[in-house]
Amino acid sequence: MIITIDGPAGSGKSTVAKAVAEKLGFEYLDTGAMFRAVTLAALRAGIDLHDQQALSDLLARVRMEFSPGQVVLDGEDVSQAIRADNVSKSSSPIAESPVVRQHLAERQRQLAAGRNIVCEGRDQGTVIFPHAEYKFFLVADPMERARRRHRQLSQMGEEISLEEILKTQQERDQRDSQRALAPLKPAPDALVIDTTNLTIDEVVARIVDVVQGRLP
Ligand code: DC
C-alpha cells in the first residue's frame, strides 16, 4: 500500500511522514532528500545547475544510495550535508530539471514497488503515484513554517535570520508551485490538512485514523 504526503517546506510533512510510517509499520521515502542529494553532487562537481547535459552526465556518474534517514553519495554519508542552507537555496533548478525528475521518478517507483510505504515530497500524489491508496497534502501558515525551519537550522548550528528564511521560503514556494513540471499542488483526491495550529501528534493521529478507517 502506498500513502503519499505532499506539501511545501515547513508544513511538517517529513516529521509527520516518518511518524505515520512508524505507527503503521510502513517504510518511508523522503523524496526531498533525493533532490537534495543531486543538488549537493552538482554543487560539488561545480557544474552549471541549469545545464541538462551536464546533469545527465552527473547522474550517470554518481552513486546515490537512499535508505530511511540516510543518504550516501559516492560512499560518503551526506545525510547532514544535504540539509545545509546552501543546498536548500540551490535546489530549485534541480527540481525544475526534466532530466533529474525523470531519473528520480524511476528510482522512487522502484523503491516503492510492492512495499507498504509512506512517500513524502511535492508530487508523490499527483505525478509519481496517482493511484496511491491514500493521499494527504499538508499546508501551514508561511510565518509558522519559517519559524519551524529557523528552529531546525538553529539546532544544526546555522544561524540565519527569520526574515531571510521567510524570503527564501517565499521564493521557493513560488518556484515550486509555478514550475511547468510536477508543480507543488494537491492531487484532486488528496485530503488537505492545515497544520498551523496542530501538533505533530495531532496530524499523525488524523492521518492514521483515516488510513485505519476511523475517519472519513
Ligand atoms: O522537501 P525538501 O525541502 O527537502 O525538498 C528539497 C527540494 O526538492 C525542494 O526544492 C523541492 C524539491 N522537491 C521536488 O521538487 N519534488 C519532490 N517530490 C520533493 C522535493
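Both ligands and their constituent atoms are indexed starting at 1 by order of listing.
In this structure, Arg115 and Glu27 approach most closely via the heavy-atom pair CD-OE2, 2.8 Å. Closest approach of Glu120 and Ala17 over heavy atoms only: CB-CB, 3.9 Å. Across all non-hydrogen atoms, the minimal contact from Ile2 to Cys119 is CG2-SG, 4.4 Å.
Ligand 1 has no atom lying under 4.0 Å from any heavy atom of Met34. Proximity of Lys13 to ligand 1 is established by a heavy-atom distance of less than 4.0 Å.
Contacts between Gln108 and ligand 1 below 4.0 angstrom, taking non-hydrogen atoms only, are absent altogether. Heavy atoms of Thr39 found under 4.0 angstrom from ligand 1: none, in either backbone or side chain.
Between the side chains of Arg149 and Gln152, at least one donor N or O lies within less than 3.5 Å of an accepting N or O. Using modelled atom types, one finds a donor on one side chain and an acceptor on the other under 3.5 Å when comparing Asp57 with Gln53. Under 3.5 Å, the side chains of Thr199 and Asp201 contain no donor-acceptor pair of N or O atoms. Of the N and O atoms on the side chains of Gln124 and Gln108, at least one donor lies less than 3.5 Å from an acceptor on the other residue.
Inter-residue side-chain proximity for Arg179 and Arg101 is flagged as met; some heavy-atom pair is nearer than 4.5 Å.
By the 4.0 Å N-to-carboxylate-O rule, Glu144 lies close enough to Arg148 to be salt-bridged with it.
The protein heavy-atom contact nearest to atom 18 (N) of ligand 1 is Asp123 OD1, 2.8 Å. Taking atom 4 (O) of ligand 1 as the reference point, the nearest protein heavy-atom neighbour is Arg36 NE, 2.6 Å. Atom 1 (O) of ligand 1 has as its closest protein heavy atom Arg122 NH1, 2.8 Å. With respect to atom 8 (O) of ligand 1, the closest heavy atom belonging to the protein is Phe35 CB, 3.3 Å. For atom 10 (O) of ligand 1, the nearest non-hydrogen atom of the protein is Ser91 OG, 2.8 Å. At the top of the distance list for atom 16 (N) of ligand 1, counting protein heavy atoms only, stands Arg101 NH2, 3.0 Å.
The contact set between ligand 1 and Thr31, taken as ligand atoms under 4.0 Å from a residue heavy atom, comprises 17 (C), 18 (N), 19 (C). Remark: ligand 1 atoms within the under-4.0 Å shell around heavy atoms of Gly121 are 18 (N), 19 (C). Counting atoms of ligand 1 from 1 in the listed order, those under 4.0 Å from a heavy atom of Ala95 are 12 (C), 15 (O). For ligand 1, the atoms closer than 4.0 angstrom to any heavy atom of Arg172 are 3 (O), 9 (C), 10 (O). Against a heavy-atom cut-off of under 4.0 Å, Gln124 is close to the following atoms of ligand 1: 18 (N).
In the displayed structure, Glu22 atom CD is contacted under 6.0 Å by at most 12 heavy atoms of other residues, nucleotides or ligands.
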